[in-house]
Visitor: 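Would you mind keeping the following structure in view while I ask a few things?
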Amino acid sequence: MRTRMKAERLKQMEEYISKREFVTVEELSEKFSIHKNTVRSDINELAGKGIVEKKYGGISCKSYPVPTSYEEREVMSVESKRRIGALAASFLEEEDVIYVDSGTTASMLFCEPTLLPEHLTIITNSLPVINRCFQKTNYNIYALPGKVDRWLNSFASYETIESLSSFNIQKAFLGTRGISDKGDLSLASQIDGKIKATIIENAQERFLMAEAEKIGHPAVINFAHLSAFQIWISDESTKKAEYLAEMMQVRLVTSSNETFK
């Protein structure tokens with residue numbers, strides 16, 4: 001019980017710090033009604049994950065800088081994302097039931113039509129994935145319900161999360177905004193994090209689609225650990241990526257070496 005309360009407080013503290021350029025220990029102590037020593041202990045834990053940065057007189061958020069719109073994120077590192085998408089497609093088999101999340105990298109799963117099976121069942125909350133599969137394939141498509149989040153360009157609400165329990169997902173393809181040096185996966189949207197966490201719990205096989213450059217640049221909210229995935233599909237096999245994959249016992253697949261175990 002005490003561990004759960006601390007985890008929830010740390011998550012709330014991350015969000016609070018992220019909304020401000022700079023906060024003090026006194027401010028956090030008053031905000032969360034905890035002793036200053038407890039604040040310092042929490043800050044040390046967050047700093048150890050690379051989420052916040054301790055400065056003279058207080059703390060600032062050390063988050064992975066991202067553009068403000070989906071359209072801007074979509075064109076960033078597009079060639080790397082296409083390579084990742086083509087590699088991910090090689091894991092698809094006829095009649096697979098798959099989930100594809102709302103990230104701009106995950107949507108690249110369909111960038112090379114010649115690599116795709118003829119028959120798939122797609123479960124997704126991503127508007128770009130829904131549109132692309134509807135227009136260019138004959139796949140069965142299950143569009144998850146919920147309120148449209150324009151920043152994510154997807155359906156993202158608690159209704160979306162609740163609907164996931166009715167699906168049997170064989171393979172899930174997910175992205176992440178940042179990866180800490182300890183293997184924590186993070187993003188900027190709390191509701192998106194809850195959706196991803198629910199998928200990770202329910203899917204039989206889990207594939208992370210993420211560029212190696214995201215290592216060491218955590219975002220605000222952690223949603224999972226790298227060890228929750230069986231396969232990590234990336235654009236290049238850097239020393240950091242290989243080290244994390246080996247430490248987390250995750251199979252790393254890249255365009256440069258195809259497979260690293």
Side-chain angles (χ1 to χ4, degrees), residues 1-66 101 103 149 151-152 156-162 164-165 172 174-203 206 208 210 214-230 232 240 243-245 247-250:
M1 182 67 176
R2 194 173 290 178
T3 302
R4 191 186 309 164
M5 289 176 62
K6 180 181 179 181
E8 184 62 30
R9 184 178 72 244
L10 287 172
K11 184 179 293 185
Q12 292 174 0
M13 194 174 288
E14 286 180 33
E15 294 177 26
Y16 183 82
I17 296 171
S18 71
K19 294 175 182 177
R20 291 157 176 79
E21 293 185 2
F22 185 83
V23 296
T24 64
V25 171
E26 290 75 14
E27 182 181 350
L28 292 174
S29 175
E30 183 176 347
K31 170 66 179 178
F32 295 97
S33 302
I34 54 178
H35 194 275
K36 292 178 183 178
N37 288 342
T38 304
V39 172
R40 293 187 182 96
S41 175
D42 287 352
I43 291 303
N44 285 336
E45 189 164 337
L46 293 176
K49 295 178 179 179
I51 296 169
V52 301
E53 190 173 16
K54 293 190 287 185
K55 294 185 176 181
Y56 181 76
I59 308 98
S60 65
C61 185
K62 185 182 178 182
S63 60
Y64 183 62
V66 296
D101 86 348
D149 186 315
W151 192 77
L152 295 171
S157 64
Y158 285 97
E159 184 181 358
T160 313
I161 297 171
E162 291 171 0
L164 289 170
S165 61
L174 290 82
T176 184
R177 190 63 49 76
I179 305 173
S180 77
D181 293 329
K182 294 183 178 181
D184 295 305
L185 307 178
S186 54
L187 36 68
S189 166
Q190 188 172 27
I191 190 67
D192 191 28
K194 290 183 181 296
I195 292 171
K196 290 179 191 288
T198 303
I199 290 296
I200 288 169
E201 288 181 3
N202 295 338
R206 297 168 294 280
L208 177 67
K214 292 183 176 180
I215 300 172
H217 299 285
V220 179
I221 301 169
N222 291 335
F223 68 90
H225 202 259
L226 184 58
S227 59
F229 290 81
Q230 288 96 347
W232 173 15
K240 283 186 176 181
Y243 171 76
L244 274 180
M247 184 171 64
M248 301 298 150
Q249 299 184 328
V250 177

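Note: hydrogens, waters and symmetry copies are ignored here, and every other heavy atom, side chains too, is used. What you see is a predicted model; the values in this text were computed from it and never measured.
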Visitor: Roughly how far, to the nearest 0.5 Å, is the CG atom of L208 from the CZ atom of R206?
Guide: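 So the gap between those two atoms works out to 11.5 Å.
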Visitor: Can you check whether V39 reaches E26 side chain to side chain, under 4.5 Å on heavy atoms?
Guide: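 Contact flag for V39/E26 side chains = no.
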Visitor: Can you name the side chain to side chain donor-acceptor pair (under 3.5 Å) partners of D42, sequence neighbours left out?
Guide: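 Partners of D42 by the side chain to side chain donor-acceptor pair (under 3.5 Å) criterion, ordered by chain and then number, come out as R9.
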Visitor: What pair of heavy atoms forms the shortest contact from V250 to L226, and how long is it?
Guide: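 The answer is CG2-O, 3.3 Å.
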Visitor: Within the structure provided, determine whether M13 and I34 are in side-chain contact (heavy-atom separation under 4.5 Å).
Guide: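 M13 reaches I34 side chain to side chain.
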Visitor: So how far is it from S227 OG to Q249 CD, rounded to the nearest 0.5 Å?
Guide: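 S227 OG to Q249 CD: 9.0 Å, rounded to 0.5 Å.
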Visitor: Taking the side chain as every heavy atom from C-beta outward, state whether N222 and E14 have any pair of such atoms under 4.5 Å apart.
Guide: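 SC-SC contact between N222 and E14 confirmed.
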Visitor: Quick one: OG on S41 to CG on L46, what's the gap to the nearest 0.5 Å?
Guide: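 The CG atom of L46 is 9.5 Å from OG of S41, to the nearest 0.5 Å.
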Visitor: Is the CD atom of E8 crowded by more than 12 outside heavy atoms at less than 6.0 Å?
Guide: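 Correct, the count exceeds 12.
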Visitor: Do you know which two heavy atoms are closest between E27 and T24, and how far apart they sit?
Guide: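 Distance-wise, the nearest heavy atoms are N-OG1, 3.0 Å.
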Visitor: Excluding sequence neighbours, so at least two apart, what forms salt bridge (charged side-chain N to carboxylate O under 4.0 Å, His left out) with K31?
Guide: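 Per chain and number, K31 pairs via salt bridge (charged side-chain N to carboxylate O under 4.0 Å, His left out) with no residue.
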Visitor: Is the backbone of V25 close enough, under 3.5 Å, to the side chain of R40 for a donor and an acceptor to pair up by distance?
Guide: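 Judged by distance alone, no pair lies under 3.5 Å.
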Visitor: Can you tell if the side chain of I43 reaches within under 4.5 Å of the side chain of L28, non-hydrogen atoms only?
Guide: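 Yes - at least one pair of side-chain heavy atoms lies under 4.5 Å apart.
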Visitor: Which heavy atom of D181 sits nearest to which heavy atom of L244, and what is that distance?
Guide: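 Looks like O-CD2, 3.4 Å.
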Visitor: I'd like to know if the side chain of W232 reaches the main chain of A210, judged simply by a donor and an acceptor atom lying under 3.5 Å from each other, with no hydrogens or angles considered.
Guide: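 Checking the backbone N and O of A210 against the side chain of W232, a donor-acceptor pair under 3.5 Å is found.
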Visitor: Would you indicate whether the side-chain heavy atoms of V220 and S186 approach each other to under 4.5 Å?
Guide: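 The answer is no, as the side chains (C-beta and beyond) never meet within the 4.5 Å cut-off.
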Visitor: Judged by atom type as modelled, is there a donor-acceptor pair below 3.5 Å linking the side chain of D184 to the main-chain atoms of A224?
Guide: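 Judged by distance alone, no pair lies under 3.5 Å.
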Visitor: Is a side-chain donor or acceptor of H225 paired with a backbone partner of M248 at a separation under 3.5 angstrom?
Guide: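 Here the side-chain-to-backbone pair does not exist.
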Visitor: Which atom pair, heavy atoms only, marks the closest approach of D149 to A156?
Guide: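 Looking at all heavy atoms of both residues, the shortest contact is CB-CB, 4.0 Å.
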Visitor: Going by the rule side chain to side chain contact (heavy atoms under 4.5 Å, CB included), which residues pair with E201 if we only count those two or more places apart in sequence or in a different chain?
Guide: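 For E201, no residue satisfies side chain to side chain contact (heavy atoms under 4.5 Å, CB included) once neighbours in sequence are set aside.
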Visitor: Could you state the interatomic distance from CG (L185) to OG (S180), rounded to the nearest 0.5 Å?
Guide: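 The CG atom of L185 sits 7.5 Å away from the OG atom of S180.
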Visitor: Is it the case that atom CD in E30 sees more than 12 heavy atoms from other parts of the structure closer than 6.0 Å?
Guide: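 Atom CD in E30 is not packed in, count stays at 12 or less.
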Visitor: Could you point out which residue of I199, I200, D192 forms a side chain to side chain contact (heavy atoms under 4.5 Å, CB included) with F223?
Guide: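 Among I199, I200, D192, the one that satisfies the side chain to side chain contact (heavy atoms under 4.5 Å, CB included) with F223 is I200.
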Visitor: State the CG-CG distance between D101 and L174, to the nearest 0.5 angstrom.
Guide: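 D101 CG to L174 CG: 4.5 Å, rounded to 0.5 Å.
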Visitor: Decide yes or no on side chain to side chain contact (heavy atoms under 4.5 Å, CB included) for L187 and T176, but give the supporting numbers first.
Guide: CA-CA 6 Å; L187 36 68; T176 184; 5.6 Å; no
Visitor: Does the side chain of F32 come within less than 4.5 Å of T38's, by heavy atoms?
Guide: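 SC-SC contact between T38 and F32 ruled out.
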Visitor: Quick check: do R177 and K214 have side-chain heavy atoms less than 4.5 Å from each other?
Guide: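 With C-beta onward as the side chain, the pair stays apart.
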Visitor: Between the main-chain N or O of K194 and the side-chain N or O of T198, is there a donor-acceptor pair closer than 3.5 Å?
Guide: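 Yes.
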Visitor: Considering only heavy atoms from C-beta outward, does the side chain of E45 approach that of K6 to under 4.5 Å?
Guide: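 Yes. Closest side-chain heavy atoms under 4.5 Å.
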